[in-house]
**Q** 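What follows is a structure written as structure tokens; I'll ask about it next.
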Amino acid sequence: MSAFKPVEMSETFPAMEGRVLALWKDKDVFKQSLELREGGPSWVFYEGPPTANGKPHPGHALTRVVKDLFPRYKTMRGYHVPRKAGWDTHGLPVEIEVEKELKISGKQDIEKYGVEPFVRKCMDSVFRYTNDWEEFTERLGFWLDLKDAYVTYHKPYVESVWWSLKQLHGKGLLYQGHKILPWCPRCGTALSSHEVGLGYKEVEDPSVFVTFRSYDDAKVSFLAWTTTPWTLPSNAGLAVKAEFEYSHVKVGEETLIMASALVEKVMGKIPHEVVKTEPGSALVGRKYRPLFDWWKGSDAEVAGAWKVCAAEFVTLDAGSGIVHVAPAFGADDYALGQKEGLPVIQLVDAAGKFTAECGPFAGRFVKDADNDVVKDLRGRGLLLKREGYKHDYPFCWRCSSPLIYFARAGWFIRTTREISRVIENNKTIQWLPEHIRDGRFGNFLESNIDWALSRERYWGTPLPVWVCQGCKHQEPIGSFDELKTKPNARGLDAFDKAKAKDPALNDHLRVHKPWIDEAQFDCPKCAGTMKRVSEVIDCWYDSGAMPFAQWGYPHAPGSTDKFTNAFPADFISEAIDQTRGWFYSLLAESTLLFEGPRPPHPYKTCVVLGHVCDEKGEKMSKSKGNYIDPMLILREEGADALRWFFYSSTNPWTSARFSRPNVREAQKEFLIKLRNVYSFFVIYANIDGFDPSVGLPEEDPDQTSEIKKYHRGGRPVEERALMDRWILSELHQTVNTVRQRLDDYDIFGAAGLINALVESLSNWYVQRTRERYWRSWETEDCSSEADADKLDAYWTLYESLTTIARLVAPFVPFTAEEMWQNLAVAPMAGKGIVPESVHLADYPVTDPHAVDRELADEVALVREVVSLGRNVRAAQKRKVRVPLAKLVLVLADQALIDVAQKHEEVVKDALNVKKVEYARVADQYVTYELKPNFKLIGAKYRELVPGIKKTLATANAAHLKNKIANDGFCSLTVEGKEVTLTSEEVEVTIAAKQGYAAAGSRQVVVVMDCSLTPELVEEGLAREIVSRIQKMRGEMKLRYEQRIRLALKGSVTLRAVAEKFAEYIQGETLATELAFGEAPDGWKTSEEELKEEGEAFTLAISEA
RNA sequence: GGGCUCGUAGCUCAGUUGGUCAGAGCGCGUCCCUGAUAAGGACGAGGUCGGCUGUUCGAAUCAGCCCGGGCCCA
């Protein structure tokens, strides 16, 4: 008989979600959802590959729930949305993880350990956490095709990357050059920025002011400042800022040039005199003499060296306003040198020692030589002064040696040549939030430098360039098979040999170091030996290649179709730190490689996520110890709670404060409320035998319309009760706006609307219509008006809940599924009417017919009235149980009175009053206030506005109000001018006068007659008795429809009231009889006391 | 140091193209309601809308500067 499974309120959310997961698995719902939409328009999603060498943290939870929402939504909208998973597997973090595991450190140790076993360790380590990730992904409800994931170390992926690099080489976009790297001279290795960040210490370095003699006048010098004297022999230029003013300062016989703003600070007590000033731009291009004559460059190099350049990085914070430039030892310096044609003078070797040409300094470690360099300059009169300078300086986190910034040869992608196309492409991408496009990301692109692609490491995609050992001829290689076609190709069997020794060797490693390094062939130019360069590439290039590499394009069979069908992506989403990472690598590679497709590509929309912070607003990280394991939340609170928290608490791009209490709050706010309504429906639908499938045809031949598809019974909307029409209007209005918000990628906005809908459903619709579900049926066939109305109530709530289930399915897929299974699938099973999962259903469509904006406004007013009425009751200490005789509503105009009258029954019921009266004029209760409508009069009267405001405020409000009401306008004299205001230009508001039992807002005042008559008190007492009985029923855990027998024992008054209201009391409490006197044996009894009424009685209940 | 971003009630956050008592939820206190109850409602806080200056008839909302937090970069 029961159509619905009772809702077990004691079941935890995670337990419910476990059942849903099992159902999805059992019916393979994800796969079905893809198959269902095959042939539909496709909507392309790219999964940014997470690095699977650590456990998922809360930030990944945010990323994954956002990534899941839109594909689910689009699928329900009819799109085909394949979701291929991916894993980022290369890179330094993996190597470091393995180094730690092996308790080794640095490249020398790795070489000693052996590159082959090391690389194998790296590969193993990557998937150590895969199980964690897969469990996390599934438990979160993130539907992703994990079985068919792309993996960046796999051979087809690597070869796809090779193909792309060959394309770039062919376009002249791949070249060898220099890059300034943080370098540990002891370890002989570069450090990643992450590693550099680990080792900052505060130290005192020399701060020296050095004089560079002007080329044409030995008496004039440029005063430059540096904290690294050891770089001075490698000086190649000086930098000034064109906009600054510079002074010629006479000191004795000599003239020093420095920034005017710093003269006093630098010269201090040294006697000096400013003889001339000029802008920095006037200094640009002047030549000077080097401090040391050790370096011997080519004529061309020398011609370009030792000149003054303009640079933006020059500041007035410290120093002299003139900066010493050593392109080999600073990134800014290098970039400036490239721009200005300065030579790269590098008089320091990789061990941090001065090179042989450095005379007395040759072979000395640079940091130790600082003092002697200074001494040498002083001896030659080239030093103005030396001080100490405290600052943070990076040290090697492994060996504590001071790092030096050092130019290293490497491979680069010439992004700067194509950057204008990249910028154009970027301009057409939809960024959320919008400011990323021209802000953080746009700025980053504007200051683009060539992409340093190569890494002197082991575990990565090998850079596929072979170089002739003799003539330096370069040849990029696009695949392993291509190598085989090369003249006299040899060493290609290195991997096979290794595999013969150890059959467990993974075939994908064929294209990795060290085996691939064995491959050689003959140089086509000089017949020398072509060998691969030793480097691997930046793993960011790997991930940026995923649009084509995930399909093994163009080598893999069928990959061309797969690639073109899934390019560009409609949607990607990652956290903000990916601006310089994945967002850039995707965009840059796509722009450089593909010149055909119309921008934007390879992604059209990018939702940028904020960081997940702890309750103090600090970024969560394991090292800080403020980290919550997201699996803990999933186990304790559940996936929907976690998901809803991220969707509803704030925009995804503002960093959310993540904590268990916050997640619980989101759960209480929304999920529990929704479940309560759902449970309420199921309880009474089962009691009343409401069955949505009754009368349905076995097969529905026409499943085209929303109504047919999802079945909507009951009378036409316009024939239903006001309340039903209202909630259906709210429902369909919300459906409409939620679709709009989601189409705009506005998750937070959509979640807010859904929240408001559920709030309305729970706190107003159900609250105010509960009695309709409690009534008994009157007729067999529900033909009476009362029964039809009751049936309407069920259909209305049924439609609301099943529509909400579909509406929230992309957000809280578990709760939605649970509701759908019970409300739709269970009763309709086998009738071919509803899909067997909510995620196979269509997203709800608005029925414009059901939307009634006027009614929505009306109910808003009614809710306001009720709220104010409760306010009055609280202030007057009149609880709602005691009926009051009269309520007076004072409303600003007749239209509002009409509205209130229309909804009078609801008001009476909600506030428990006998009668409602209406008044437009009620001067004894209210005061009026007049205010101009600023928006309307602002532009018209401008500076008169304050005067108008003042005049209106001080005028006789009641009088003016009447005048406006009668004539439609009023005239005022403001600052001597005549001003005529129409009724639209003046807002009349009312407020309750002090001292009355009244409360008011701008448009309505509620006045209550709070006097009590004996009749009212008696009725209140009767309701009090009912309340006590209900409470007891609850304590006895009686079924909701259980009939009972009642016995009461109390005062004469109490008995009189109970007798008078016997019918009411029995009706409300489902009592078949009401007796007075001692409780019969075996009945449950309770002593009740009504303090306010001064009554005490004994209550006894037995099941009937 | 540079870029971006944020700074609104004890906490978490809203606040539409600048228009006038600055809002919600949570927590707290008081009270109420309850045949959905691991719910719900009413009321209270008296918040210099980070600070200063400016634009404007009018600014939380625009501009400039400053202070503080976050992120990225140097």
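Throughout, protein chains are lettered first and strands after them, A, B, ... in sequence-line order, and every chain is numbered starting at 1.
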**Q** If the condition is ring-ring contact (aromatic ring centres under 6.0 Å, His included), which residues does A:W451 pass it with, not counting sequence neighbours?
**A**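 With sequence neighbours excluded, A:W451 shows a ring-ring contact (aromatic ring centres under 6.0 Å, His included) to A:Y541, A:Y584, given in chain and number order.
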**Q** Could I get the full list of side-chain hydrogen bond (donor to acceptor under 3.5 Å, both in side chains) partners for A:E1068, not counting sequence neighbours?
**A**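 side-chain hydrogen bond (donor to acceptor under 3.5 Å, both in side chains) check on A:E1068 returns nothing, list empty.
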**Q** A:H611 has an atom NE2; how far is it from atom P of B:G70, in whole Å?
**A**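 Rounded to whole Å, this separation is 13 Å.
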**Q** Apply ring-ring contact (aromatic ring centres under 6.0 Å, His included) to A:Y334 and list each qualifying residue two or more places apart in sequence or on a separate chain.
**A**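 Per chain and number, A:Y334 pairs via ring-ring contact (aromatic ring centres under 6.0 Å, His included) with no residue.
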**Q** Counting only side-chain nitrogens and oxygens, does A:S1027 get under 4.0 Å of the OP1 or OP2 atom of B:C33?
**A**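 False: A:S1027 side-chain N/O out of range (4.0 Å or more) of B:C33 OP1/OP2.
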**Q** Kindly compute the distance separating CG (A:L609) from OG1 (A:T654), expressed to the nearest 0.5 Å.
**A**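 Between A:L609 CG and A:T654 OG1, I get 10.5 Å after rounding to 0.5 Å.
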**Q** Does a side-chain N or O of A:N763 approach OP1 or OP2 of B:G41 to a distance below 4.0 Å, or not?
**A**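 Yes, because at least one side-chain N or O of A:N763 sits under 4.0 Å from OP1 or OP2 of B:G41.
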**Q** Once you apply a heavy-atom cut-off of 4.0 Å, does A:S762 come out as touching a base, just sugar-phosphate, or nothing?
**A**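 Counting heavy atoms under 4.0 Å across all strands, the contact made by A:S762 includes a base.
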**Q** Partners of A:D744 by salt bridge (charged side-chain N to carboxylate O under 4.0 Å, His left out), sequence neighbours excluded?
**A**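 Partners of A:D744 under the salt bridge (charged side-chain N to carboxylate O under 4.0 Å, His left out) test: none.
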**Q** What residues, two or more places apart in sequence or in another chain, satisfy salt bridge (charged side-chain N to carboxylate O under 4.0 Å, His left out) together with A:E11?
**A**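 Salt bridge (charged side-chain N to carboxylate O under 4.0 Å, His left out) list for A:E11, sorted by chain: A:R19.
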**Q** Can you list everything that forms a ring-ring contact (aromatic ring centres under 6.0 Å, His included) with A:F13? Sequence neighbours excluded, please.
**A**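 ring-ring contact (aromatic ring centres under 6.0 Å, His included) list for A:F13, sorted by chain: empty.
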**Q** Looking at A:Q1030, does any N or O in its side chain come under 4.0 Å of the phosphate oxygens OP1/OP2 on B:G35?
**A**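 True: A:Q1030 side-chain N/O within range (under 4.0 Å) of B:G35 OP1/OP2.
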**Q** Sort me out a list of protein N/O and nucleotides 4-8 of chain B N/O pairs below 3.5 Å, or just none if empty.
**A**
{"from": "B:C4", "atom 1": "O2", "to": "A:R440", "atom 2": "NH2", "distance (Å)": "3.4"}

**Q** Go through the structure and list residues passing salt bridge (charged side-chain N to carboxylate O under 4.0 Å, His left out) with A:R768, not counting sequence neighbours.
**A**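 Salt bridge (charged side-chain N to carboxylate O under 4.0 Å, His left out) check on A:R768 returns A:D909.
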**Q** Have a look at A:L1070 and say if it touches a base, only the backbone sugar-phosphate, or nothing, with a 4.0 Å heavy-atom cut-off.
**A**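 It contacts base atoms.
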**Q** Any side-chain N or O of A:Y678 less than 4.0 Å from the OP1 or OP2 oxygen of B:A36?
**A**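 A:Y678 to B:A36 OP1/OP2: no side-chain N or O under 4.0 Å.
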**Q** Taking only residues two or more places apart in sequence, or in another chain, which ones meet A:Y765 in a ring-ring contact (aromatic ring centres under 6.0 Å, His included)?
**A**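 ring-ring contact (aromatic ring centres under 6.0 Å, His included) check on A:Y765 returns nothing, list empty.
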**Q** Looking at A:K5 and A:E818, is there a salt bridge between them, counting it only when a charged N and a carboxylate O are closer than 4.0 Å?
**A**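 Between A:K5 and A:E818 there is a salt bridge, with a charged N closer than 4.0 Å to a carboxylate O.
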**Q** Could you state the atom-to-atom distance from CD of A:E771 to P of B:A36 in whole Å?
**A**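 In whole Å, B:A36 P and A:E771 CD are 11 Å from each other.
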**Q** Give A:R1033 one of three labels, base, sugar-phosphate or nothing, depending on what nucleic acid heavy atoms sit under 4.0 Å from its own.
**A**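 No contact at all - A:R1033 keeps every heavy atom at 4.0 Å or more from the nucleic acid.
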**Q** Could you summarise the pairing of RNA chain B as dot-bracket text, marking Watson-Crick and G-U pairs under 3.5 Å with ( ) or [ ] inside the strand and | across strands?
**A** (((((((..((((.....[...)))).(((((.......))))).....(((((..]....)))))))))))).
**Q** For A:E669, check salt bridge (charged side-chain N to carboxylate O under 4.0 Å, His left out) against everything at least two apart and list the hits.
**A**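 Counting only residues at least two positions away or on another chain, A:E669 forms no salt bridge (charged side-chain N to carboxylate O under 4.0 Å, His left out).
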**Q** Are there any protein N/O atoms within less than 3.5 Å of an N/O atom in nucleotides 22-30 of chain B, and if so, which ones and at what distance?
**A**
{"from": "B:G25", "atom 1": "O3'", "to": "A:E669", "atom 2": "OE2", "distance (Å)": "3.3"}
{"from": "B:G25", "atom 1": "O2'", "to": "A:E669", "atom 2": "OE2", "distance (Å)": "3.1"}
{"from": "B:C26", "atom 1": "O4'", "to": "A:E665", "atom 2": "OE2", "distance (Å)": "3.3"}
{"from": "B:G27", "atom 1": "OP1", "to": "A:K668", "atom 2": "NZ", "distance (Å)": "3.4"}

